[in-house]
Amino acid sequence: MESSLGGNACDGSNGVSDHEKPLDFVTSSSATSLNVKTEMVVSTISGSPSTDVTAVSVTTTSKVQLKRKIGLVSCVGIVVGSMIGSGIFIAPKLVLRGSGSVGIFLLIWFITGVLSLCGGLCFIELGCLIPKSGGEYTYLMEAYGPLHQFFGPLPAFLYSYTRNLAASPSSFAVGSLSFGMYCAQPFYADGEVPQWLPKVLAAGCIVMVAVINSTSVRLSLWMQNTFAAVKVIALVVLIVAGLVRLGQGHTENLATGFTPFDNVTSLANVASAIYSCFWTYAGWSSLNVSLEEVYRPSLNLPRAISFAIPLVTVLYIMANVAYLTVMTPLEILTSNAVAVTFANRVLGVMAWIVPFSVACSTFGGATGSSFSAARVFHASARQGHMVKAFSYISISRSTPFPPILLQASIALLMIAVGGITSLIDYMSFITWFFLALSFMSVLVFRITKKDEPRPYRVPTALPILMFLVAITLLILPIVLKPQLQFLYAVLTVFTGVFFYVPFIHYRKPVYGLDLFSRLMISCCRIAPPETVVRNEKVAVTSEYPIPIKV
């Protein structure tokens with residue numbers, strides 16, 4: 001006897017024997033949770049009652065795609081983890097140097113936090129309107145791509161070209177080098193760390209992060225959430241210690257208010273301090289990069305950004321208040337690591353918490369950097385702005401494995417060659433150009449997509465304000481400290497035009513790419529997005545069909 005169990009079998013309709021129902025129920029439930037289609041054929045070979053054999057053939061079909069595995073907690077963890085890096089533990093002196101007074105110093109931290117929140121609110125509207133991965137790349141492509149056949153897609157391509165091949169790998173490499181340095185430093189307290197040791201540890205960090213991000217999205221999210229929690233706990237420890245000092249009456253540094261502590265304060269120095277402070281808030285847009293993997297993005301994106309950015313702002317301001325309860329402004333300016341100096345004076349035997357937290361910050365930042373960069377690479381390759389094979393997804397892991405592998409390889413090469421810190425310094429200001437275009441895309445979509453529903457809408461003045469802020473921060477370093485390296489950085493970005501014209505606009509074929517794609521598919525078990533995969537499983541039982549989990 002042979003029967004086929006299909007769509008109506010799961011509701012207990014006639015024609016299905018009692019011993020077949022458990023199998024059908026379990027398989028239908030699994031199919032629903034995994035979003036797969038299941039076909040089963042149950043064949044019974046009759047004999048004597050003791051020798052009946054039942055063969056069950058289960059064929060499943062599913063689409064290869066990124067899964068929605070990022071819930072609200074992980075959304076908050078991604079934003080907080082991306083924003084809190086090593087900067088708050090090390091860089092307050094950069095902001096204080098240009099501030100000139102304690103009052104302006106704290107005011108700058110507050111203003112940059114508010115402006116970061118304004119930028120986050122603009123990106124909430126963009127993310128809810130276009131719930132796709134890729135962040136700025138996607139918004140640039142959707143806003144300006146249809147406006148002109150040649151110039152429309154150019155900003156999106158230049159952004160992906162700059163970020164995928166230079167900015168993201170170099171940021172990944174520098175973060176890993178910082179991790180290597182902070183791990184090696186405790187073992188060489190009385191001497192200089194050998195140059196090769198941080199590089200070896202950084203290489204190990206890059207390989208470990210690549211394995212984590214390519215193996216499991218859930219594992220990567222767990223790592224990012226864990227390290228984000230460690231960073232927050234470390235800041236809370238510093239803040240509590242500072243509040244204790246405040247309760248003991250150590251307010252002499254804070255009492256100076258807006259009184260200058262030196263005679264070199266100027267508008268240019270304050271502008272430079274604001275620019276440095278924005279660097280510590282970088283990462284507020286990181287969740288938009290992986291929006292296709294966010295569960296219920298129209299709800300969780302606004303909730304995560306609206307909670308995470310104010311949280312980080314409060315932590316930053318209170319941490320700096322805590323520093324000022326222990327150290328004078330001049331002591332902060334002469335300290336190589338403000339948080340470490342604070343911990344050594346206040347925490348005693350627990351001072352190790354700060355170096356440990358900085359190491360966790362750098363490792364967590366490297367994990368988040370690789371995670372986000374792979375999604376931008378995936379989105380741009382899917383659009384045809386990068387090699388198509390880098391849009392492919394791991395069939396069994398549902399991770400964008402090819403871009404993770406490529407960016408890890410570039411980062412390892414950069415560590416071996418060296419000289420990448422200056423690259424980041426001179427390329428980072430370029431990102432404000434693309435952010436300015438992204439903020440302006442809010443207004444563009446108000447015209448081109450005016451009839452589409454918007455779960456979230458910001459006042460029109462907000463994207464205009466952020467556009468002006470981004471343009472100011474783009475021009476600021478050139479005006480304050482003009483250097484030939486800025487011109488080199490701009491020229492480096494626009495070398496992408498030489499690739500854009502033949503290969504993107506005119507779609508000239510690149511010989512060998514088909515072979516490369518076939519090798520990637522065969523070696524890495526990957527497939528293009530939305531590919532339908534069929535799997536067949538067969539089970540045999542001598543009495544009743546056994547439940548098979550598909």
Side-chain angles (χ1 to χ4, degrees), residues 79-80 82-85 87-124 235 238-239 242 253-262 264-286 305-324 329 332-333 338 428-429 431-433 435-436 438-440 442 458-481:
V79 179
V80 172
S82 299
M83 292 182 68
I84 302 178
I88 186 58
F89 300 103
I90 302 170
K93 71 175 185 179
L94 300 177
V95 182
L96 185 62
R97 180 179 293 124
S99 301
S101 71
V102 170
I104 295 177
F105 171 66
L106 296 177
L107 186 61
I108 287 174
W109 284 96
F110 174 75
I111 291 174
T112 50
V114 171
L115 290 176
S116 298
L117 178 60
C118 292
L121 296 178
C122 292
F123 269 59
I124 290 175
L235 286 176
L238 295 179
I239 291 169
N253 294 325
L254 296 171
T256 60
F258 291 91
T259 304
F261 54 77
D262 59 30
V264 295
T265 302
S266 65
L267 182 61
N269 289 337
V270 172
S272 178
I274 293 174
Y275 194 85
S276 300
C277 196
F278 265 113
W279 172 70
T280 65
Y281 280 95
W284 50 263
S285 63
S286 55
I305 290 180
S306 300
F307 175 78
I309 298 178
L311 171 65
V312 172
T313 302
V314 172
L315 290 174
Y316 279 3
I317 294 174
M318 294 304 297
N320 283 290
V321 169
Y323 295 150
L324 288 166
I332 292 177
L333 291 176
V338 177
S428 60
F429 85 101
T431 61
W432 288 106
F433 169 71
L435 275 175
S438 298
F439 292 131
M440 186 54 63
V442 176
V458 297
T460 304
L462 209 56
I464 295 176
L465 170 65
M466 292 310 300
F467 172 79
L468 295 176
V469 169
I471 292 297
T472 302
L473 291 173
L474 171 66
I475 300 174
L476 198 62
I478 301 176
V479 174
L480 296 180
K481 193 177 180 181

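The analysis underlying the following values was restricted to heavy atoms, covering all of them including side chains, and did not include hydrogens, waters or symmetry mates.
Of the residues V102, L238, L106, the one that meets the side-chain contact (heavy atoms from CB on, under 4.5 Å) test with V321 is L106. Between V95 and the options F278, W279, F105, a side-chain contact (heavy atoms from CB on, under 4.5 Å) holds for only F105.
Atom-to-atom distance recorded for I88:CD1 and N320:CG is 4.5 Å, nearest 0.5 angstrom. Of the inter-residue distances, the one linking S116 atom OG with L121 atom CG reads 11.0 Å to the nearest 0.5 angstrom. Taking CG from L473 and OH from Y275, the interatomic distance works out to 7.0 Å, rounded to the nearest 0.5 Å. For the atom pair OG1 (T112) and CD1 (I317), the distance works out to 8.0 Å, reported to the nearest 0.5 Å. Taking CZ of F433 as the start and OG of S438 as the end, the distance is 10.0 Å to the nearest 0.5 Å. The CD1 atom of I471 lies 11.0 Å from the CZ atom of F439; values are rounded to the nearest 0.5 Å.
For C118 against M466, the heavy-atom pair with the smallest separation is CB-SD, 3.7 Å. Closest non-hydrogen pair, A308 versus V79, comes out as CB-CG1, 3.5 Å. Closest approach of Y323 to P92, counting heavy atoms only: CE1-CG, 3.7 Å. When all heavy atoms are compared, the tightest approach of C122 to V458 is N-CG1, 4.1 Å. In terms of heavy atoms, M83 sits closest to I309 at SD-CG1, 4.0 Å. For the pair Y316 and I84, the tightest heavy-atom approach, listed with the atom from each and the gap, is OH-CA, 3.4 Å.
With hydrogens and angles disregarded, a donor-acceptor distance shorter than 3.5 Å links the side chain of S101 to the backbone of I104.
Counting heavy atoms from C-beta outward, L315 and I239 have side chains that approach closer than 4.5 Å. Side chains of L117 and P310 form a contact here, defined as non-hydrogen atoms less than 4.5 Å apart. Side chains of L324 and I332 form a contact here, defined as non-hydrogen atoms less than 4.5 Å apart.
The aromatic rings of Y281 and W109 sit tilted, their planes meeting at an angle between 30° and 60°.
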